[in-house]
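Contents: one structure, followed by commentary.
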Amino acid sequence: MPSDRAAKIGIIGAGSVGATIAYAAMMRGVARQIALFDIASAKVRAEVLDLNHGMLFAPPGALEGSDDIEVLRGCDVIVMTAGAKQKPGETRMDLAAANARICASLLPKVVVVAPNAHLLLVTNPVDVITQIAIKLTGLPWNRVFGSGTVLDSSRFRFLIARHCSVAVQNVHAYIAGEHGDSEIPLWSSATIGSIPLSQWAVEGHGRLTSVDKDAILHDVKDAAYQVIQGKGATNYAIGLAVTNILEALVHDEHRVLPLSGMLRGFHGLDDVCLSLPRIVGRRGIEPPLPIPMTVDEEAGLQASATRIREVVQGLGY
Ligand code: NAD
């Protein structure tokens, strides 16, 4: 991966998520080149025109797009967003078969045009798709990972911050496991300004009762369903979350992010992709951090792993 802004970022899928990632990455000047690929030629052409018409107002860079996969040649990071999205009432797991088929037809070609790229999966169900992508590409585990629960953790931190009237940046808390219905909140390691959340009792800044915690978790899990019900897709927060991951990779930041990646002997878990906080830099992801967990949190992680593994195996991978 070249240093800093010399990197080329590819985005597969110019739909709601892919186009918003391109916009957010362009606005933040993450890379010198951004390339969008989509089989919908008119759509990708229109998104690229619209984005390029705003280039004057963004940090210098170049943006191109095509329905020809050659546009991704030489990318340093490729973000996969192509595929079916949830319709109101559908779970992410309902998308597994359709999106696994798209990956099977696409990812082997992607590796040919960009053999050195890191592959960042966003397409849902993201843990299942990440695990399948590792098999399909044969790339090392540190270079194939999913956006995982970065978005869920951001929703979690936002809701805790709002409840306690503190800045979201001062809340440290993670959602782990599946990016989906079996995800688990790691309450026991959550802090605000270095104070464990369980001890948070600051006048004028509320406390978190078990009822509050249940309500927050409900809202985290229900967030995508609520947004999809109202506007058909989630795009802004995932656009910013993915841009944050891209910055960690391209700028070699060693940022701690809950990305979905292959587990090898973590708390007895093997051969399954799910999210846990990991250090992220130019070489991709590192193994999960040894984050302390309660017995219940650990049981939740195991249940999440079982659910992901069952779906992957059901698809024949
Ligand atoms: P969308 O329908 O707006 O866009 C999908 C795009 O993929 C379309 O433009 C389509 O033409 C393209 N596409 C389909 N098959 C293709 C192929 N074979 N090659 C190239 N392009 C192809 O959907 P969206 O709202 O952008 O969502 C995309 C995916 O991202 C969905 O699976 C959704 O569930 C997922 N998502 C993930 C997260 C997360 O946190 N991981 C958050 C939001 C959405």
Side-chain angles (χ1 to χ4, degrees), residues 10-24 35-48 65-72 78-110 113 119-133 136 145-156 175 177-181 183 220-221 223-245 257-261 273-275 308:
I11 302 170
I12 304 177
S16 307
V17 173
T20 312
I21 293 169
Y23 177 71
L36 273 166
F37 165 68
D38 197 302
I39 45 168
S41 345
K43 167 84 170 149
V44 70
R45 222 177 16 251
E47 291 294 3
V48 167
S66 175
D67 58 359
D68 182 347
I69 202 157
E70 277 296 321
V71 76
L72 301 178
I78 290 185
V79 185
M80 169 67 175
T81 77
K85 64 178 165 191
Q86 288 164 270
K87 296 182 197 72
E90 269 185 335
T91 72
R92 295 176 180 92
M93 287 299 195
D94 292 332
L95 310 172
N99 288 346
R101 273 195 299 277
I102 291 177
C103 286
S105 75
L106 204 56
L107 295 184
K109 298 179 208 155
V110 170
V113 293
L119 196 52
L120 167 54
L121 289 309
V122 178
T123 299
N124 275 320
V126 72
D127 307 284
V128 171
I129 295 298
T130 303
Q131 195 158 336
I132 290 174
L136 286 169
F145 39 85
S147 58
T149 53
V150 172
L151 175 57
D152 316 64
S153 299
S154 148
R155 289 170 173 151
F156 191 42
I175 298 284
E178 179 201 352
H179 166 62
D181 298 340
E183 66 193 11
V220 170
K221 287 193 175 185
Y225 294 109
Q226 277 182 40
V227 177
I228 289 166
Q229 191 71 44
K231 62 175 219 172
T234 61
N235 63 318
Y236 294 119
I238 184 66
L240 290 166
V242 170
T243 300
N244 189 265
I245 301 167
L257 292 169
L259 292 179
S260 184
C273 283
L274 51 68
S275 287
I308 294 162

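As the structure is a computational prediction, the values presented were derived from the model and not from experiment. Ligands are counted one by one from 1 in listed order, and the atoms in each one are counted from 1 as well. The basis for the numbers below is simple: all heavy atoms, side chains too, and nothing from hydrogens, waters or symmetry mates.
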Atoms of ligand 1 under 4.0 Å from any heavy atom of Ala40, numbered from 1 in the order shown, are 11 (O)
Identify which of Asn124, Asp67, Ile21 has a heavy atom lying nearest to atom 38 (C) of ligand 1. Asn124
Minimum distance, heavy atoms only, to atom 15 (N) of ligand 1: which one of Leu121, Ile238, Ile39 is it? Ile39
According to the side-chain hydrogen bond (donor to acceptor under 3.5 Å, both in side chains) rule, which pairs have a member within residues 96-110, sequence neighbours left out? none
Return the closest protein heavy atom for atom 29 (C) of ligand 1 as residue, atom name and distance. Thr81 O, 3.3 Å
Out of Ser16, Ala241, Ala98, whose heavy atom sits nearest atom 3 (O) of ligand 1? Ser16
Side-chain touch Met80/Cys103, heavy atoms, less than 4.5 angstrom: yes
Atoms of ligand 1 under 4.0 Å from any heavy atom of Asn99, numbered from 1 in the order shown, are 32 (O)
NZ/Lys87: more than 12 non-hydrogen atoms of other groups inside 6.0 Å: no
Residues in side chain to side chain donor-acceptor pair (under 3.5 Å) with Glu47, at least two apart? Lys43
In terms of its nearest heavy atom to atom 31 (C) of ligand 1, the top option of Gly83, Ser154, Ala84, Ala224 is Ala84
Near Ile102 (heavy-atom distance under 4.0 Å), the atoms of ligand 1 are 15 (N), 18 (N)
